Q: 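Would you mind keeping the following structure in view while I ask a few things?
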2 protein chains.
Amino acid sequence: MNSVSIPITTQGLQVACSACNLRELCMPVGLSDDELERVDTLIGARRKVARGMPLYLSGEPFQSLYAIRTGFFKTEVISEDGREQVTGFQMAGELMGLDGIGTGNHNCDARALEDSEVCVIPFNRLSELSREIDTLQHHFHKVMSREIVRDQAVMMLLGTMRAEERLAAFLVNLSQRFASRGYSATEFNLRMTREEIGSYLGLKLETVSRGLSRLQDEGLLSVSNKNIRIHKLDDLKKAMSPRC
Amino acid sequence: MNSVSIPITTQGLQVACSACNLRELCMPVGLSDDELERVDTLIGARRKVARGMPLYLSGEPFQSLYAIRTGFFKTEVISEDGREQVTGFQMAGELMGLDGIGTGNHNCDARALEDSEVCVIPFNRLSELSREIDTLQHHFHKVMSREIVRDQAVMMLLGTMRAEERLAAFLVNLSQRFASRGYSATEFNLRMTREEIGSYLGLKLETVSRGLSRLQDEGLLSVSNKNIRIHKLDDLKKAMSPRC
DNA sequence: GCTGTTCATTGATTGCGATCAATGCGCAAC
DNA sequence: GTTGCGCATTGATCGCAATCAATGAACAGC
């Protein structure tokens, strides 16, 4: 039935995009069979990244984008004066490396928070192909635009929200992203430390810890180390707003 | 000598991109004459926006990008619970509206801070043309990527910097952008109110006011209402780092 | 000219989150 | 099992920026 050839890489068996279970997340819909086959040629190789290891580092020459197949990443910016800021947490189906296009070098570090695997997408090939396939071009533009909107939402969070509101917003966001991948919206394991959460949310790790305890005391959720169990998702959403 | 036809719009005389003095800022370099001519056809029309008026509002259908020809804009996000956050200030040569591509609707409000004029770039046309002209495609991708990097820098600012450091970073950034447009790096007029600066930097307007007074007391600059005169640009850059 | 409004500055006080500090838990190495 | 280390929690205190409040300056409209 499926006549698409499955390329083999040194990493092992290659799963073509057309057969990937993350297809709805990273690929545009509405491609013809012919187009799908060409998009399959986009993926240069797979790459495994062990927990704690970098996918790329700031300053490295930018060549490729990366689509996460399995695992969990963080991206962080380190300023000249040594300050670190986690700028995002990425999970399966999400695209990394967009920040490198502008300068030709990566502008942040990307590190695996657990053993992970990514699809390497040579940017040259993507550019070529998106010139030929309208749908792919538009999809790519959408992905970049959504990244900008996401960043603006984080700016709003950092600029206007109080510690507990930030925490609630963070958890609700994670919940939704797990849910859209078919996992439970109400129970999941955090892959990052309190310190990394704090960096992302502009808080100290102690404040994150206290905030989680507080949400637990209010009965909205249970925390056990990295395990989160949300009891009242609606109330948690309300806790994102002031004067809850 | 110049055989490019100059289209006329209802707004008055059209200046073609190829003849625009902002060309280095918004257009890719290295286009052939033929390509330049086609890029000239990108601009649908000009549009004047009076001070205080919106260029677009959140929720409106996204059709076009806008390149600022003259003037000054702010973009702001308004959350469901009514919180406002200024996400950026834009000046001549910069592109607005990228946030609308992802959803097909604008995701923030864009308002003129002074009487301004923009070039309207229908997104459909840009997509088509960037499929034909590699250089244009790559330039557009770079612009989007730089926007992402810029947003990450703001996240760093909001997440890790203290009030006075934020203010210094803000002023240094403005200074550089004025300088790259041929204006003075050390004297300029702010187009935005203290409240708008505060919203952008995650501070209250009083804190902005105090911070400026403090920088003035330290002899780094002079403030007179909206007029800023920087005396020690190097020291101001140092004030962006902790323990100055 | 005066009046009203918006914006900016400055002072006094409060409160949230950072900092400092100590304890406890979980997990890997041996 | 024991040791050691990283991570999380909780308490006490401090400091910066938010808040409250009042005054002053700039500017548009009448």
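So you know, we letter chains A, B, ... as the sequences are listed, proteins then strands, and number each from 1. Values below: all heavy atoms of this structure, side chains included; hydrogens, waters and symmetry mates excluded. As the structure is a prediction and not an experimental result, all values here were calculated from the model.
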Q: If only side-chain N and O atoms count, and only distance matters, is there a donor-acceptor pair under 3.5 Å linking A/Thr87 with A/Thr75?
A: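 Short answer, yes.
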
Q: Among C/dT19, C/dG11, D/dA8, which nucleotide sits nearest the side chain of A/Arg210?
A: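 Looking only at heavy atoms from C-beta outward on A/Arg210, the closest nucleotide is C/dT19.
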
Q: Can you tell me how far C1' of D/dT10 sits from CD of A/Gln216, to the nearest Å?
A: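 About 13 Å, once rounded to whole Å.
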
Q: Does the plane of the ring in A/Phe62 sit parallel, tilted or perpendicular to the ring in A/His106? Use 30° and 60° as the thresholds.
A: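 Answer is perpendicular, since the angle exceeds 60°.
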
Q: Assess whether a salt bridge exists between B/Asp81 and B/Arg83, defined as any Lys/Arg side-chain N lying under 4.0 Å from an Asp/Glu carboxylate O.
A: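 Salt bridge present between B/Asp81 and B/Arg83.
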
Q: To the nearest Å, how far apart are A/Arg214 CZ and D/dA8 P?
A: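 Between P of D/dA8 and CZ of A/Arg214: 21 Å.
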
Q: In whole Å, what is the span from the CG atom of A/Leu203 to the C1' atom of C/dA18?
A: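 Between C1' of C/dA18 and CG of A/Leu203: 10 Å.
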
Q: Taking the side chain of A/Asn225 as heavy atoms from C-beta outward, which of D/dA8, D/dA18, C/dG17 is closest to it?
A: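 The answer is D/dA8.
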
Q: Return the 5'-most residue of the pair A/Thr207, B/Met192 with respect to DNA chain C, ranking by each residue's nearest nucleotide.
A: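 Looking at DNA chain C, the more 5' nearest nucleotide goes with B/Met192.
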
Q: Ignoring the backbone of A/Ser213, work out which of D/dA8, D/dT9, D/dA17 is nearest its side chain.
A: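 So the side chain of A/Ser213 is nearest to D/dT9.
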
Q: Expressed as a whole number of angstroms, how long is the span from B/Asn227:CG to C/dC7:P?
A: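 Rounded to whole Å, this separation is 19 Å.
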
Q: What nucleotide, of C/dT9, D/dT9, D/dC7, holds the atom closest to the side chain of A/Arg194?
A: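 Looking only at heavy atoms from C-beta outward on A/Arg194, the closest nucleotide is D/dT9.
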
Q: I need the CZ-P distance between B/Arg191 and C/dA8, as an integer number of Å.
A: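 Answer to the nearest Å: 15 Å.
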
Q: If you take any heavy atom closer than 4.0 Å to DNA chain D, which residues from residues 74-89 of chain A end up in contact?
A: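 Output list: empty, so none.
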
Q: Could you tell me whether B/Arg191 and B/Glu196 make a salt bridge, using a distance below 4.0 angstrom between a side-chain N and a carboxylate O?
A: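 Answer for the salt bridge query: no.
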
Q: Expressed as a whole number of angstroms, how long is the span from A/Glu195:CD to D/dT9:C1'?
A: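 Answer to the nearest Å: 15 Å.
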
Q: For the side chain of B/Lys204, starting at C-beta, report the closest nucleotide among D/dA8, D/dA18, C/dA8.
A: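 So the nucleotide nearest the side chain must be D/dA18.
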
Q: Can you list the steps and then say if A/Arg111 with A/Asp109 is a salt bridge (charged side-chain N to carboxylate O under 4.0 Å, His left out)?
A: CA-CA 6 Å; A/Arg111 279 183 190 278; A/Asp109 298 353; 5.0 Å; no

Q: Rounded to whole Å, how long is the line connecting atom CZ of B/Arg162 with atom P of D/dA18?
A: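 Whole-Å distance recorded here is 12 Å.
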
Q: Do NZ/NE/NH1/NH2 and the carboxylate oxygens of B/Lys142 and B/Glu147 come within less than 4.0 Å?
A: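 Here B/Lys142 does not pair with B/Glu147 in a salt bridge, since their nearest N and O are not under 4.0 Å apart.
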
Q: Are more than 12 heavy atoms, taken from residues, nucleotides or ligands other than A/Glu195, located less than 6.0 Å from that residue's CD atom?
A: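 For A/Glu195, atom CD is not crowded (no more than 12 foreign heavy atoms under 6.0 Å).
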
Q: Over the length of the helix from C/dG1-D/dC30 to C/dC30-D/dG1, how much do the five-pair end axes diverge, rounded to 10 degrees?
A: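 Answer rounded to 10°: the end axes differ by 50°.
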
Q: Scan A/Ser209 against the nucleic acid and name what it touches under 4.0 Å (heavy atoms): base, sugar-phosphate only, or nothing.
A: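 It contacts base atoms.
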
Q: Under 4.0 Å between a side-chain nitrogen and a carboxylate oxygen: does that hold for A/Arg214 and A/Asp217?
A: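 No, no charged N to carboxylate O under 4.0 Å.
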
Q: Just how far, in rounded Å, is C1' of C/dA8 from CD1 of B/Ile228?
A: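 Nearest whole value for this atom pair: 12 Å.
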
Q: When you compare the side chains of A/Glu76 and A/Ser199, does any donor N or O come within less than 3.5 Å of an acceptor on the partner?
A: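 Side chains of A/Glu76 and A/Ser199: no pair found under 3.5 Å.
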
Q: So, do B/Tyr200 and B/Phe89 have ring centers that fall under 6.0 Å from each other?
A: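 Centroid separation for B/Tyr200 and B/Phe89: below 6.0 Å.
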
Q: For the side chain of B/Glu206 and the base of D/dC20, is some donor closer than 3.5 Å to an acceptor across the two?
A: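 Donor-acceptor pair under 3.5 Å: yes.
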
Q: Contact class for B/Gly202 (heavy atom, under 4.0 Å): base, sugar-phosphate, or nothing?
A: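 Touches sugar-phosphate only.
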
